[in-house]
**Q** 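Got a structure for you, written out below as structure tokens; questions coming shortly.
One-based numbering along the sequence shown.
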Amino acid sequence: MSKWCRAAAGVLKATAETQSRRSYHTIQAVPREISGHRISARDRAQGRIPAVVFSRSYVQRDPNDPTSVVASSSVSRKLLLTTERKQIQAILKHIQLPFFCSTTFPLQIRAGSGSSTILETRKLHTDEDGKVLNLVFVWAEDGTQLKVDVPIVYKGEDVCPGIKKGGRLSQIRTSLKYLCPAEHIPAKIEVDLSNLDIGDRVSMHDVPIHPSLKLLSKNENIPVCKIMATDIGEIEHA
């Protein structure tokens, strides 16, 4: 049984500027002219991973409705690529899912054109053993608006007052969806727990982000996490 890992937003670019938002790993690929089940199966048998790139940009129709985001254009500029399984597996050892899909990578297209364009990972298809079968990317030049599921990383559990009193962290959300300019897609967002007591929570609007990002939620007061008491006695003690 295979499965798709939808990307938070793994971004690739052939240039190396703005290293703070890009990985030092370079993904290399070669163009392919034909597709199909048999061709893809042959590529996988030879240690390669089929990949496809297409264009997509999003706009917000109603400024007062953060969920009114639609594709601004139809799919175009489709490009078929092939990557080496060994290099993808090596990168995944250093940058595991879901962060692989929200990290910026330099991209080198050998024996072909288009190597100066940003790409965003949209899907990663694996089998039941975790072997990568397919990669799906989206063109994402600077200025392009993209919908991105950004993974949440919780920090400060070791000093969290509520946890020290015996409480536990309830992770309500593992990611948040944003409309992002391609040049400001974050690999992750961090939620600080170091000042939370039992009963405290962090809502969507409390999460610090780049000002260019737009949260795609009608209710920004929805909590992403909460410090829960394990029994009524701990609430009274707190």
Side-chain angles (χ1 to χ4, degrees), residues 4-13 17-25 56-60 63 65-69 91-92 94-106 118-124 136-138 140-163 167-197 199-228:
W4 284 97
C5 295
R6 291 189 175 272
V11 181
L12 304 100
K13 192 175 183 180
E17 74 267 14
T18 319
Q19 290 297 324
S20 61
R21 64 181 181 89
R22 296 200 175 100
S23 166
Y24 57 85
H25 299 280
R56 181 56 54 91
S57 182
Y58 292 86
V59 295
Q60 187 173 339
D65 183 2
T67 63
S68 63
V69 175
I91 293 174
L92 284 170
H94 293 88
I95 307 173
Q96 299 179 348
L97 293 174
F99 305 107
F100 173 84
C101 297
S102 58
T103 299
T104 305
F105 299 94
I118 301 176
L119 302 174
E120 180 226 353
T121 309
R122 194 45 64 95
K123 294 179 182 178
L124 188 149
V136 179
F137 301 106
V138 174
E141 292 97 341
D142 286 359
T144 302
Q145 297 285 330
L146 296 170
K147 287 196 298 185
V148 180
D149 281 316
V150 184
I152 297 174
V153 174
Y154 294 95
K155 66 176 185 177
E157 289 187 60
D158 56 333
V159 295
C160 174
I163 294 178
R168 61 180 178 84
L169 171 63
S170 174
Q171 299 183 16
I172 302 171
R173 299 294 295 266
T174 58
S175 67
L176 291 175
K177 188 183 292 292
Y178 295 96
L179 183 65
C180 306
E183 62 271 26
H184 292 306
I185 295 175
K188 62 183 178 181
I189 49 178
E190 294 186 336
V191 173
D192 188 4
L193 309 173
S194 59
N195 294 317
L196 300 186
D197 208 332
D200 289 343
R201 65 179 65 189
V202 176
S203 300
M204 290 182 177
H205 64 77
D206 297 322
V207 179
I209 57 172
H210 192 276
S212 66
L213 274 61
K214 295 181 180 179
L215 178 64
L216 300 182
S217 174
K218 289 185 177 181
N219 186 0
E220 297 187 359
N221 293 317
I222 295 176
V224 298
C225 71
K226 183 177 181 180
I227 305 300
M228 305 288 292

**Q** Do S170 and R168 have side-chain heavy atoms sitting under 4.5 Å apart?
**A** yes
**Q** Over all heavy atoms of both residues, which pair between V153 and K188 is shortest? Give the atoms and the distance, please.
**A** CG2-CD, 3.7 Å
**Q** I'd like to check the salt bridge (Lys or Arg N to Asp or Glu O under 4.0 Å) partners of K226; sequence neighbours left out, ordered by chain and number.
**A** none
**Q** Do M204 and R173 come within less than 4.5 Å of each other through their side chains, counting heavy atoms only?
**A** yes
**Q** Heavy-atom distance under 4.5 Å between the side chains of D197 and I227, does that happen here?
**A** no
**Q** Quick check for you: to the nearest 0.5 Å, what is the distance between N219 atom CG and S203 atom OG?
**A** 8.5 Å
**Q** Which heavy atom in V207 sits nearest to a heavy atom in Y178, and how many Å separate them?
**A** CG1-OH, 4.2 Å
**Q** Within this structure, what is the CZ-CG distance for the pair R201 and L196, rounded to the nearest 0.5 Å?
**A** 11.5 Å
**Q** Can you tell if the side chain of P186 reaches within under 4.5 Å of the side chain of L213, non-hydrogen atoms only?
**A** yes
**Q** Output the distance between atom NE2 (H184) and atom CD1 (I209), rounded to the nearest 0.5 Å.
**A** 12.0 Å
**Q** Under the side-chain contact (heavy atoms from CB on, under 4.5 Å) rule, what do L215 and H205 come out as? Steps first, then yes or no, please.
**A** CA-CA 8 Å; L215 178 64; H205 64 77; 5.8 Å; no
**Q** How close do L146 and A182 get, counting heavy atoms only, and between which atoms?
**A** CD1-CB, 4.4 Å
**Q** Could you tell me which non-hydrogen atom of D192 sits nearest to which non-hydrogen atom of G156, and how far apart they are?
**A** OD1-CA, 4.4 Å
**Q** Roughly how far apart are L169 CG and E157 CD, rounded to 0.5 Å?
**A** 5.0 Å
**Q** Decide yes or no on side-chain contact (heavy atoms from CB on, under 4.5 Å) for L176 and V150, but give the supporting numbers first.
**A** CA-CA 5 Å; L176 291 175; V150 184; 5.7 Å; no
**Q** If every non-hydrogen atom of P161 is compared with every non-hydrogen atom of S194, which pair is closest and at what distance?
**A** CD-O, 3.2 Å
**Q** Could you tell me the separation between the SG atom of C160 and the CG atom of D200, rounded to the nearest 0.5 Å?
**A** 8.0 Å
**Q** What closest approach, in Å, do Q171 and C225 show between heavy atoms, and which atom pair accounts for it?
**A** CA-CB, 4.5 Å
